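The block underneath contains the structure these notes are about, expressed in structure tokens.
Side-chain atoms are counted along with the backbone in the values below, which use heavy atoms only and exclude waters and symmetry mates. Predicted, not measured: the structure shown is a model, and the values here were computed from it.
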Amino acid sequence: MSIRVEEVTKVYGTQKAVDEASFSLNKGEVVGLLGPNGAGKSTLMKILTCFIPPTSGKAFVSDYDVQEHPLEVQRMVGYLPEHNPLYLDMYVREYLGFIAGIHKLGNKSAQRVSDMVKITGLGREQHKKIGALSKGYRQRVGLAQALIHDPAVLILDEPTSGLDPNQLADIRQLIREAGKEKTVILSTHIMQEVEAICSRAIIIHQGKIVADDSTGQLTRTAGPKQTYTIELEQAADLKKLPKPAGIRQLSSTDQIHWMVEPQDDQDVSRILMQWALDNRVTIRSMQKNESSLEDIFRKLTSR
């Protein structure tokens with residue numbers, strides 16, 4: 001087990017930033033850590049990377065206690081904090097060589113620097129000063145430094161911030177590849193990122209973990225996967241009409257706008273159109289809605 005968190009609490013003054021959080025992560029998992037601003041995500045990541053100690057509880061990385069063996073933990077972890085701290089006056093390759101030296105990679109340093117330049121797409125920028133790079137390329141440098149020592153655990157705080165769509169696709173692929181051999185924690189506010197990259201999501205709200213499950217199961221928790229919103233030309237009580245096969249439920253507030261829930265998430269748009277034609281009901285518009293991770297996130301963090 002790569003990461004184990006046991007009833008971890010962190011208190012700042014009178015505020016509980018993290019409140020008895022518990023979970024465990026295995027090798028090969030890419031896990032999204034989600035929550036609104038101030039929920040405790042960054043505090044939890046700082047505890048796992050030994051930047052701050054927990055007030056109570058235990059946390060382990062590759063069986064090393066973060067309080068008793070911080071140096072061993074930091075050797076096992078690659079970390080990209082939210083505000084990516086870089087030496088802006090250093091050149092890209094110079095900086096990565098410097099980080100390789102910190103990790104004491106020895107004669108592997110030059111090869112690892114070259115590997116990271118290639119993997120993170122920094123080839124055209126490698127001889128530039130970091131201060132001359134765009135925000136997106138600075139993020140790539142931050143990812144390169146987090147990966148250069150080939151850590152068992154990768155902790156990324158908003159890693160795709162500031163990336164354009166092309167860069168975003170590249171970084172997503174990089175994180176997916178890393179997740180095949182490592183344990184990855186990805187903190188982000190972008191739900192699409194989690195749905196695209198992560199197999200599991202942990203949602204934290206006001207310091208407490210309020211959900212921890214596969215992304216698929218969490219979206220199912222949000223409600224039916226598919227619904228249809230129908231707007232009629234004029235008011236009609238569709239509940240009095242015989243329901244066509246495949247329709248589970250109908251609901252409306254004004255008998256013009258209707259919500260239709262199908263059986264077993266099947267596509268019933270053609271069935272609805274034929275049904276309306278047979279019953280002389282005019283449909284002005286029909287929209288198919290897909291439930292998402294964002295739905296369950298809003299539900300759990302708006303309490």
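Between Val66 and Cys50 the shortest heavy-atom distance is O-SG, 3.6 Å. When all heavy atoms of Ala21 and Val5 are compared, the pair lying nearest together is O-CG1, 3.2 Å. Of all heavy-atom pairs spanning Ile148 and Leu105, the tightest one is O-CD1, 3.6 Å.
Here the side chain of Arg75 pairs no donor or acceptor atom with the backbone of His149 at under 3.5 angstrom. Judged by distance alone, with hydrogens and angles left aside, the side-chain atoms of Tyr137 form no donor-acceptor pair with the main-chain N or O of Glu125 at under 3.5 Å. Side-chain N or O atoms of Glu29 include one that pairs as donor or acceptor with a backbone N or O of Asn26 at under 3.5 Å. Of the possible polar contacts, none joining the Glu7 side chain to the Glu20 backbone as a donor-acceptor pair under 3.5 Å is found. For the pair Trp275 (side chain) and Val281 (backbone), a donor-acceptor distance under 3.5 Å is absent. Judged by distance alone, the side chain of Arg140 and the main-chain N or O of Thr120 form a donor-acceptor pair under 3.5 Å. Between the Lys41 side chain and the Pro36 main chain, a donor and an acceptor come within less than 3.5 Å of each other. In this structure, Lys182 contributes its side chain and Pro151 its backbone to a donor-acceptor pair below 3.5 Å. Between the Gln126 side chain and the Gly123 main chain, a donor and an acceptor come within less than 3.5 Å of each other. Of the possible polar contacts, none joining the Asn279 side chain to the Leu241 backbone as a donor-acceptor pair under 3.5 Å is found.
Within a 6.0 Å sphere centred on NZ of Lys118, heavy atoms belonging to other residues, nucleotides or ligands number 12 at most. Residue Glu181 qualifies as open at atom CD: its count of foreign heavy atoms under 6.0 Å is 12 or below. Around atom CZ of Phe23, more than 12 heavy atoms belonging to other residues, nucleotides or ligands sit under 6.0 Å away. Residue Tyr12 qualifies as enclosed at atom OH: its count of foreign heavy atoms under 6.0 Å is above 12.
Hydrophobic clustering of Ile, Leu, Val, Met, Phe, Trp and Tyr side chains at less than 4.5 Å, counting indirect connections, unites Val141 with Leu88. The hydrophobic clustering, which links ILVMFWY residues whose side-chain heavy atoms are closer than 4.5 Å, places Phe98 and Leu96 together.
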Could you tabulate the donor-acceptor pairs under 3.5 Å formed by side-chain atoms of residues 53-61, not counting sequence neighbours?
unit_1 : atom_1 : unit_2 : atom_2 : d
Thr55  : OG1    : Val11  : N      : 2.9
Lys58  : NZ     : Asp65  : OD2    : 3.3

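With values rounded to the nearest 0.5 angstrom, Gln139 atom CD is found 11.5 Å from Leu133 atom CG. To the nearest 0.5 Å, atoms OG1 (Thr227) and CD (Gln249) are separated by 11.0 Å. In this structure, Leu174 CG and Ile197 CD1 are separated by 9.5 Å, a value rounded to the nearest 0.5 Å.
Ring geometry for Phe51 against Tyr79 counts as tilted: the plane angle lies between 30° and 60°, on a 0 to 90° scale.
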